[in-house]
Peer 1: 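The structure that follows is given in the form of structure tokens.
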Amino acid sequence: STTSVMSATTSVMSAVSAIAEAINTDESTVSASHARPWHAEAALGLLDLTPAGLVLIFCFVPSISASIFRSWSCQAYTISPPGEELEQVSYMRQDASVECYTEDHESITDLAVGFIVLWPVGSLVLFTSLLAACYKPLRAKSPNALTRATGFLHREYKKTWCWWEAVELARKLVLTGFVLLIPEENAFIRLLVATLICSFYAVVLAVVRPYKRVEDDVLAVATRDRKS
């Protein structure tokens with residue numbers, strides 16, 4: 001009935017509000033008499049486990065993403081069938097039994113598209129959303145449960161640039177994954193795109209200087225220049 005739906009909606013909204021309030025509340029300001037609802041306590045308990053999970057995801061995003069994008073990586077071979085002209089045939093680098101640009105290969109790339117949305121794109125959206133949620137508390141110097149749980153993402157950066165790790169992750173994903181979508185026959189264009197991205201990113205780092213420590217800025221620019 002309409003009354004039941006309204007009641008359920010009100011309960012959900014109350015739970016969400018309580019969780020948001022718990023996340024945005026500094027633990028030092030909570031008194032013993034101010035007990036939180038169970039769902040808020042559950043959310044905070046989940047946040048206690050968040051750092052380990054986020055670190056694992058963050059570490060494996062580039063390597064797993066590169067493996068997904070290799071579904072488009074093909075090796076060309078020149079074959080000479082008896083009595084026929086030379087022809088080129090391409091096979092997947094990860095599975096030489098699959099010929100590229102066939103129905104079998106298309107089924108693999110179709111599946112890879114779904115994994116791209118789920119893993120590299122999903123991870124980037126996740127970390128960007130978390131850092132966006134942390135921006136105001138960090139700027140206001142009022143840390144909460146979320147800023148503490150995501151500390152490894154923004155601890156080394158200035159408050160203004162606390163979201164920079166999302167930019168760094170996007171750079172890694174482009175260089176280790178998305179450039180592989182450029183066909184093998186255009187290897188020079190692939191190399192040129194990667195070089196331009198590295199060079200541009202190094203210039204932006206030198207101008208923005210997002211790190212708290214000067215030596216970190218210098219090291220970041222130097223390593224990007226070397227990679228370019």
Side-chain angles (χ1 to χ4, degrees), residues 10-62 65 119-175 197-198 200-225 227:
T10 303
S11 300
V12 171
M13 292 300 294
S14 299
V16 171
S17 299
I19 292 171
E21 181 183 358
I23 291 175
N24 292 313
T25 300
D26 192 339
E27 292 291 332
S28 61
T29 63
V30 179
S31 62
S33 60
H34 184 66
R36 297 193 184 99
W38 68 268
H39 36 69
E41 291 291 349
L44 290 176
L46 184 61
L47 282 174
D48 290 337
L49 302 175
T50 297
L54 290 178
V55 169
L56 286 175
I57 294 174
F58 190 79
C59 290
F60 286 105
V61 164
S65 298
W119 187 251
V121 175
S123 298
L124 182 59
V125 171
L126 170 65
F127 287 112
T128 302
S129 301
L130 289 173
L131 289 171
C134 292
Y135 182 74
K136 287 185 178 180
L138 290 174
R139 290 278 291 170
K141 296 182 180 180
S142 57
N144 54 35
L146 183 60
T147 60
R148 286 188 290 273
T150 57
F152 77 99
L153 290 172
H154 53 73
R155 190 177 295 117
E156 302 300 323
Y157 298 98
K158 298 173 183 175
K159 294 295 186 290
T160 306
W161 304 102
C162 62
W163 44 267
W164 191 263
E165 197 61 50
V167 179
E168 174 68 13
L169 180 60
R171 180 193 67 83
K172 291 178 181 178
L173 290 176
V174 170
L175 293 178
I197 291 173
C198 288
F200 177 75
Y201 188 75
V203 172
V204 172
L205 272 176
V207 173
V208 172
R209 291 178 292 180
Y211 292 93
K212 291 179 180 178
R213 301 190 303 176
V214 176
E215 53 267 33
D216 288 339
D217 287 318
V218 174
L219 182 62
V221 173
T223 53
R224 300 300 174 267
D225 284 337
K227 290 178 181 178

Peer 1: At their closest point, which heavy atom of Asn144 faces which heavy atom of Pro137, and how far apart are they?
Peer 2: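 Closest heavy-atom pair between Asn144 and Pro137: ND2-CG, 3.5 Å.
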Peer 1: For Ser65 versus Leu173, what's the shortest heavy-atom pair and its separation?
Peer 2: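 For Ser65 versus Leu173, the nearest heavy atoms are OG-CD2, 3.4 Å.
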Peer 1: Which atom pair, heavy atoms only, marks the closest approach of Leu205 to Tyr211?
Peer 2: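 Nearest heavy atoms, Leu205 then Tyr211: CD2-CE1, 4.5 Å.
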Peer 1: Could you walk me through whether Thr128 and Trp163 satisfy the side chain to side chain contact (heavy atoms under 4.5 Å, CB included) test, starting with their C-alpha distance in whole Å, then the side-chain angles of each, then the deciding distance to 0.1 Å, before giving a yes or no?
Peer 2: CA-CA 7 Å; Thr128 302; Trp163 44 267; over 6 Å; no
Peer 1: Using 0.5 Å steps for rounding, measure from the CZ atom of Arg213 to the CG atom of Leu219.
Peer 2: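 CG of Leu219 is found 9.5 Å from CZ of Arg213.
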Peer 1: How long is the straight-line distance from NZ of Lys158 back to CG of Leu138, given to the nearest 0.5 Å?
Peer 2: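 So the gap between those two atoms works out to 15.5 Å.
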Peer 1: For a quick test of reading the model, state the closest non-hydrogen atom pair linking Leu175 to Cys198 and the distance between them.
Peer 2: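 Here Leu175 and Cys198 meet closest at CD1-SG, 3.6 Å.
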Peer 1: Does Val204 reach the side chain of Val167, with side-chain heavy atoms less than 4.5 Å apart?
Peer 2: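 Val204 vs Val167: side chains apart.
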Peer 1: Taking it one step at a time, do Phe127 and Ile57 satisfy side chain to side chain contact (heavy atoms under 4.5 Å, CB included)?
Peer 2: CA-CA 10 Å; Phe127 287 112; Ile57 294 174; 3.9 Å; yes
Peer 1: Test side chain to side chain contact (heavy atoms under 4.5 Å, CB included) on Cys134 and Leu146; report intermediate values, then the result.
Peer 2: CA-CA 7 Å; Cys134 292; Leu146 183 60; 3.9 Å; yes
Peer 1: What pair of heavy atoms forms the shortest contact from His154 to Thr147, and how long is it?
Peer 2: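 For His154 and Thr147, the tightest heavy-atom pair comes out as NE2-O, 3.1 Å.
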Peer 1: How far does CZ of Arg171 sit from CH2 of Trp164, to the nearest 0.5 angstrom?
Peer 2: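 That separation rounds to 10.5 Å.
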Peer 1: What closest approach, in Å, do Glu165 and Tyr157 show between heavy atoms, and which atom pair accounts for it?
Peer 2: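 Nearest heavy atoms, Glu165 then Tyr157: OE1-OH, 2.5 Å.
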Peer 1: Evaluate the side-chain proximity of Arg209 to Trp161: yes if any heavy-atom separation is below 4.5 Å, no if none is.
Peer 2: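 Not in contact.
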Peer 1: Looking at Lys136, I want to see if its NZ is surrounded by more than 12 non-hydrogen atoms of other residues, nucleotides or ligands under 6.0 Å.
Peer 2: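 Open: at most 12 neighbouring heavy atoms sit under 6.0 Å from NZ of Lys136.
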